[in-house]
There are 2 protein chains.
Amino acid sequence: MAAARVRNGGRPTLEEVAARAGVGRGTASRVINGSPRVSEATREAVQAAVAELGYVPNRAARALAGNRTDAIALVVPEPETRFFAEPYFSAIVRGVGAALADTEMQLLLTLAGNDRERRRLAQYLTAHRVDGVLLVAVHADDPLPELLEQLGMPCVISGARHANEPLASVDSDNFDGARAAVEHLITRGRRSVATITGRLEVYGAQRRLDGYRAALAAAGLPPDERLIAPADFTEEGGARAMRELLARRPHLDAVFAASDVMAAGARQVLREADRRIPDDVALIGFDDSVVARHMHPALTSVRQPIEEMGRRMAQLLLEEIAGRTGERPTVVLPTELVVRDSS
Amino acid sequence: MAAARVRNGGRPTLEEVAARAGVGRGTASRVINGSPRVSEATREAVQAAVAELGYVPNRAARALAGNRTDAIALVVPEPETRFFAEPYFSAIVRGVGAALADTEMQLLLTLAGNDRERRRLAQYLTAHRVDGVLLVAVHADDPLPELLEQLGMPCVISGARHANEPLASVDSDNFDGARAAVEHLITRGRRSVATITGRLEVYGAQRRLDGYRAALAAAGLPPDERLIAPADFTEEGGARAMRELLARRPHLDAVFAASDVMAAGARQVLREADRRIPDDVALIGFDDSVVARHMHPALTSVRQPIEEMGRRMAQLLLEEIAGRTGERPTVVLPTELVVRDSS
DNA sequence: CCCCGGCTTGGGAGCGCTCCCAATACACTG
DNA sequence: CAGTGTATTGGGAGCGCTCCCAAGCCGGGG
């Protein structure tokens, strides 16, 4: 007797479990999938057999027969280093992982870099390789969300792309975070509050700017466009914007930067210009990253609940997969102002 | 005619591709899997059909029939926040992703947190859900590597657990990184060089300490155990160790900390003790993290090629999956000393 | 002209599971 | 006591693919 090629890693199959429990394959399947239409005695017999044999369902067979995969993909646009930068990525992953921990769902990580990979990606998702997709850091002009929409693939994105986001999305309250930061500056007596914005095509950056304006308006301070300098979320961009601001409004006494990294660039310029922080100029960032804590002086910053965002994204996706309800909620999570030495 | 339930998301199957190309299913399969035993004409016909139909193989069916999954798992011990801290996690993921980009391999992310999840994990891997496993930040007493070994599951770990690591592993040169850092301090005239170590059960931390000792010995400086303070890779631990060192050897003129985070803790204590950096005490960290760049003064640090480590890990794993050669290489990648203001 | 071997090819068998229909068993109802 | 309904069960029919055996084809040698 030649040893048969061992398939499935020598693992027991459902058939064997059924045989051991003295029931049919269908019944064993019902027990394992928690169907209520099984008698108590039968259920126990099958569960005993499962335990004795150490049975674990074969995922591939399940996927093939059941036309689902029990897996979701987290799609990360790789060149987007901003996203990969701490702490966003790991925090999101953690949150997603936490939400999935009690599930059979697996998490597939997909780095969609260049166009070629992006095409492959579309194919993957198209080929029903996953039950749903989490998209993070999508650009407004990314065709992927629409593609997924057409294919009826459940999908949740982080950060609405514009005011009427058709997809389910989870976002932090960019508007209120910025508003609170600027309000804090005004409360502390600052009167000439500038802002360094992110790329305004990014809806979140726009919202932060809106929040800045709202805070000024609420305090009765006149709007001054020359106190607004656009940048691009980079340290260099932040430095450049700060130089512009100093040139245009030498007597500004506070700066709200739409990211910690841009605040770091601004701080560098302020130091070179011999402006003391916070004595001469107060500085606030956004993200509450490691950079903020270790900056000198420590940077006041708006904290986003990133891990919680990941968790909510996963939850929304699971619901959409389960129910396919028509509704696509937009969840907005509150931010928190972490006051440190720079303001 | 009732519309049949659409399976497989309405995607074309291999059978349809074969029909369209006017060949048999087997032949179509051969073309798609790159078998050489197909005539040129046939190959082209099948490829044309694939293109026209937009055929993408069904992964589940493949896995079921072929007894493989085309997926590997990256197992992350979740409570290990040190690993999750920037920049390790995202850099590893990036490297792994890069290595997998040209492959059909999928990356499964598995956060193994508490014991319950760890059991589930063992089951997963046991049930042949993946073709191989990447283990990062494994503790010396983690049973998982041995378990995988027994099951014949290809596996690569980051960071050898001890000198004779039986598994394939990828590591940075902890010894030489530390040696170079301390050598640098000595070259700059420091004579009383202390070190703050990581948890010495961690092999890498031990190697850094070995490197420190080797550099002192090479320079002919006498070993002084009271210049060595153990810590645990945390900021608080670093601070505590620094206090001890200052108490024991008030006149030390340099500190090599086995991580940037511990260096940050040490800096805090040095500042409180009115020691100027680098004038009174030079400080060097390890990891070259964001913290290092934004510390004040900017921290000299040993950079590990983390992304490259991820890439090599994935490569090793792919080789092991493909070949199952008996050899289990230990790859050690060079580090680089990044000199900044603190030394 | 037949046979043999190499190159291609078609398609059966089967991977382990879910879905679903039909069968069985039993409890009531009228 | 037949008739009807309900709870439970078994197992056939696939899911889409890979593996592999056998068949078809061709050219060259005997």
Side-chain angles (χ1 to χ4, degrees), chain A residues 2 4-46 49-50 53-70 104 126-129 131, chain B residues 2 4-46 49-50 53-70 104 126-129 131:
Chain A
R5 161 115 167 279
V6 180
R7 296 204 139 245
N8 194 26
R11 307 296 316 163
T13 68
L14 183 59
E15 199 86 50
E16 296 174 68
V17 170
R20 173 132 194 168
V23 302
R25 183 170 24 83
T27 303
S29 175
R30 261 168 239 131
V31 172
I32 284 158
N33 292 291
S35 159
R37 352 197 86 265
V38 186
S39 72
E40 196 50 42
T42 307
R43 179 186 317 281
E44 278 165 20
V46 173
V50 166
L53 264 38
Y55 171 76
V56 181
N58 180 310
R59 222 182 173 88
R62 256 194 176 162
L64 184 56
N67 201 32
R68 68 198 156 100
T69 62
D70 285 340
E104 281 290 284
T126 300
H128 254 285
R129 293 259 177 64
D131 295 339
Chain B
R5 160 115 168 279
V6 180
R7 293 203 140 247
N8 193 24
R11 308 295 317 163
T13 68
L14 184 59
E15 199 86 51
E16 296 173 68
V17 170
R20 173 131 193 170
V23 301
R25 183 170 26 82
T27 303
S29 175
R30 259 166 241 132
V31 171
I32 284 157
N33 291 291
S35 159
R37 353 196 85 265
V38 186
S39 72
E40 196 50 41
T42 307
R43 179 184 317 280
E44 278 165 20
V46 172
V50 166
L53 263 37
Y55 171 76
V56 181
N58 179 311
R59 220 180 175 90
R62 255 195 177 161
L64 183 56
N67 202 30
R68 66 197 159 104
T69 62
D70 286 340
E104 282 290 286
T126 300
H128 254 285
R129 293 261 177 63
D131 295 340

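No hydrogens, no waters, no symmetry mates; every other heavy atom, side chains included, goes into these values. Since the model is a prediction, treat every value here as computed from it, not as a measurement. Just so we're on the same page: letters track the sequence lines, and every chain starts at 1.
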Peer 1: Distance check needed: C/dG16 P versus A/Glu15 CD, whole Å only.
Peer 2: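 So the two atoms are 10 Å apart, to the nearest Å.
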Peer 1: Shortest non-hydrogen contact from B/Ala45 to B/Ala21?
Peer 2: O-CB, 3.7 Å
Peer 1: For B/Glu15, check side chain to side chain contact (heavy atoms under 4.5 Å, CB included) against everything at least two apart and list the hits.
Peer 2: B/Thr13, B/Arg25
Peer 1: Between C1' on C/dT18 and CZ on A/Arg68, what's the gap in Å once rounded to a whole number?
Peer 2: 8 Å
Peer 1: To the nearest Å, give me how far apart CG (B/Leu64) and C1' (C/dC15) are.
Peer 2: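 Atom-to-atom, B/Leu64 to C/dC15, this comes out as 4 Å.
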Peer 1: Please report the shortest heavy-atom distance between A/Pro12 and A/Glu16, naming the atom on each side.
Peer 2: CA-OE2, 3.6 Å
Peer 1: Which heavy atom of A/Arg20 sits nearest a heavy atom of A/Ala49, and at what distance?
Peer 2: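 Residues A/Arg20 and A/Ala49, closest heavy atoms: CG-CB, 3.7 Å.
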Peer 1: Where do B/Val38 and B/Arg30 come nearest, in terms of heavy atoms and distance?
Peer 2: CG2-CB, 3.7 Å
Peer 1: Using a cut-off of less than 4.0 Å, is there contact between a side-chain N or O of A/Ser29 and OP1 or OP2 of C/dT18?
Peer 2: yes
Peer 1: Whole angstrom is fine here: how far is it from CG in B/Leu14 over to C1' in C/dT9?
Peer 2: 14 Å
Peer 1: Could you check how far CZ of B/Arg62 sits from P of D/dC15, rounded to whole Å?
Peer 2: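 In whole Å, D/dC15 P lies 19 Å from B/Arg62 CZ.
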Peer 1: Can you measure from CD (B/Glu104) to CZ (B/Arg68) and round to the nearest 0.5 angstrom?
Peer 2: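 Interatomic distance, B/Glu104 CD to B/Arg68 CZ, rounded to 0.5 Å: 9.0 Å.
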Peer 1: Where do A/Arg59 and A/Asp70 land on the side-chain contact (heavy atoms from CB on, under 4.5 Å) test, with the steps shown first?
Peer 2: CA-CA 8 Å; A/Arg59 222 182 173 88; A/Asp70 285 340; 3.2 Å; yes
Peer 1: Hey, which of A/Thr27, A/Asn33, A/Ile32 is the one that makes side-chain contact (heavy atoms from CB on, under 4.5 Å) with A/Ser29?
Peer 2: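 Of the listed options, the one satisfying the test is A/Asn33.
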Peer 1: Write down the distance between CZ (A/Arg11) and C1' (C/dC15), rounded to a whole number of angstrom.
Peer 2: 16 Å
Peer 1: A/Asn67 CG to D/dC17 C1': how many Å, rounded?
Peer 2: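 Roughly 15 Å, once rounded to whole Å.
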Peer 1: In whole angstrom, what separates B/Arg30's CZ from C/dC7's P?
Peer 2: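 After rounding, the gap between these two atoms is 14 Å.
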Peer 1: Any side-chain N or O of A/Arg25 under 4.0 Å from OP1/OP2 of D/dG11?
Peer 2: no
Peer 1: Near DNA chain D, counting only heavy atoms under 4.0 Å, which residues of residues 31-45 of chain B show up?
Peer 2: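 By residue number: B/Asn33.
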Peer 1: What's the angle between the local helix axes at either end of the helix from C/dC1-D/dG30 to C/dG30-D/dC1, using five pairs per end and rounding to 10 degrees?
Peer 2: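 End-to-end axis angle: 70°.
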Peer 1: Of the non-hydrogen atoms in A/Val23 and A/Ala28, which two are nearest, and what is the gap between them?
Peer 2: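 Smallest heavy-atom distance, with atoms named: CG2-N, 4.1 Å.
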